[in-house]
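What follows is a single structure, written as structure tokens, with notes after it.
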Amino acid sequence: MPDVPSISPLLSYELTPLWYVALVVAVVASWYGLVWWLTRKKIPKVLATLPPKAPAQLDFTALKQRYLQAIQETETAYRGRHIRSRALHQRLSELLRQFVAEAAHAPVRTMTLAELKQSRYTQLSAAIETYYQPEFAAAETDTVETALAVARKVVNEWSS
């Protein structure tokens with residue numbers, strides 16, 4: 001019989017170099033992924049991109065009492081001659097701004113008088129306007145009673 005070629009078994013290759021190649025490909029792909037992750041453009045966390053925070057329930061009675069007490073303490077400091085008229089007007093202005101900021105969750109502490117006049121906080125802007133002249137005048141004026149009455153009126157009549 002003629003020589004019939006016999007079927008030879010498949011060549012058996014060593015798999016170790018294949019594993020090394022797969023490992024190198026995985027390391028290179030991981031490296032590129034890490035470089036991309038560390039150098040990607042991140043969205044900055046600024047006020048405009050943060051989700052709105054639900055306002056907490058506010059106890060207006062306690063808030064009003066706290067600020068009326070602060071106004072009373074400011075008056076007591078003035079009567080005891082610990083602060084002068086200019087400082088009283090400045091403290092009242094700051095107290096009213098803080099009160100409205102807490103009561104209305106508004107950024108009124110950093111607003112100028114012109115911005116306050118354009119806002120919906122007319123009571124606050126009117127009160128701050130009455131404090132501007134005594135706060136920044138060259139000579140101190142005695143408008144303390146009016147200033148205290150205005151501050152108490154704004155706090156007592158405030159409603160959100």
Side-chain angles (χ1 to χ4, degrees), residues 1-74 76-77 82-84 86-132 135-136 147 150-160:
M1 191 153 150
D3 282 337
V4 177
S6 65
I7 299 177
S8 64
L10 292 176
L11 299 174
S12 66
Y13 292 106
E14 182 65 33
L15 294 178
T16 306
L18 182 63
W19 287 111
Y20 285 138
V21 169
L23 181 65
V24 168
V25 168
V27 167
V28 169
S30 298
W31 174 256
Y32 278 110
L34 179 68
V35 168
W36 173 81
W37 179 259
L38 294 176
T39 61
R40 75 190 189 287
K41 185 175 181 180
K42 298 174 184 88
I43 298 173
K45 291 184 178 178
V46 294
L47 189 59
T49 61
L50 293 177
K53 183 179 175 184
Q57 292 295 327
L58 192 60
D59 182 12
F60 276 117
T61 307
L63 183 68
K64 287 181 179 183
Q65 287 297 78
R66 190 174 66 198
Y67 278 95
L68 287 173
Q69 178 65 31
I71 291 169
Q72 182 61 42
E73 290 170 2
T74 303
T76 303
H82 298 291
I83 61 172
R84 299 181 71 168
R86 184 184 317 275
L88 176 123
H89 285 88
Q90 290 170 347
R91 281 191 188 178
L92 291 177
S93 176
E94 184 179 336
L95 283 172
L96 288 182
R97 285 176 184 262
Q98 287 175 353
F99 171 73
V100 173
E102 284 186 47
H105 302 288
V108 295
R109 294 184 69 206
T110 57
M111 295 172 89
T112 64
L113 180 59
E115 292 170 336
L116 281 172
K117 285 182 178 180
Q118 294 174 353
S119 71
R120 64 184 185 106
Y121 306 108
T122 55
Q123 276 185 307
L124 178 65
S125 65
I128 299 298
E129 188 172 18
T130 62
Y131 297 152
Y132 260 44
E135 274 185 81
F136 301 111
V150 167
R152 288 187 177 108
K153 180 180 177 188
V154 168
V155 172
N156 282 323
E157 294 179 359
W158 186 263
S159 64
S160 275

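Taking all atoms of both residues into account, the shortest heavy-atom contact from Ala70 to Leu95 is CB-CD2, 3.7 Å. Taking each heavy atom of Thr74 and Ile83 in turn, the nearest pair found is O-CD1, 3.8 Å. Of all the heavy atoms in Ala101 and Val108, the pair that sits closest is N-CG2, 3.7 Å.
Two residues are said to be in side-chain contact when any heavy atoms from C-beta on lie closer than 4.5 Å; Gln90 and Tyr131 fail this criterion. Looking at heavy atoms from C-beta onward, Leu116 lies in side-chain contact with Arg97 at the 4.5 angstrom threshold. Gln65 is listed as a side-chain neighbour of Leu68, based on a closest heavy-atom distance under 4.5 Å. Counting heavy atoms from C-beta outward, Leu92 and Val150 have side chains that stay 4.5 Å or more apart.
Between atom CD of residue Glu102 and atom CZ of residue Arg109 there is a gap of 9.0 Å, rounded to the nearest 0.5 Å. The line from CD1 of Ile128 to CD of Glu94 is 10.0 Å long, rounded to the nearest 0.5 Å. With values rounded to the nearest 0.5 angstrom, Leu113 atom CG is found 10.0 Å from Gln118 atom CD. Atom CG of Leu96 and atom NZ of Lys153 lie 12.5 Å apart (nearest 0.5 Å).
The neighbour count for Arg120 CZ, taken as heavy atoms of other residues, nucleotides or ligands under 6.0 Å away, does not exceed 12. Remark: Lys42 NZ is packed, more than 12 non-hydrogen atoms of other residues, nucleotides or ligands lying under 6.0 Å away.
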Practice task
Apply the test side-chain contact (heavy atoms from CB on, under 4.5 Å) to residues His89 and Tyr132: give CA-CA distance (whole Å), side-chain angles for both, the deciding distance (0.1 Å), then the verdict.
Solution key: CA-CA 8 Å; His89 285 88; Tyr132 260 44; over 6 Å; no

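Ring-plane geometry between Trp158 and Tyr121 is classed as parallel, the angle between the planes falling under 30 degrees on a 0 to 90 degree scale with a further cut at 60.
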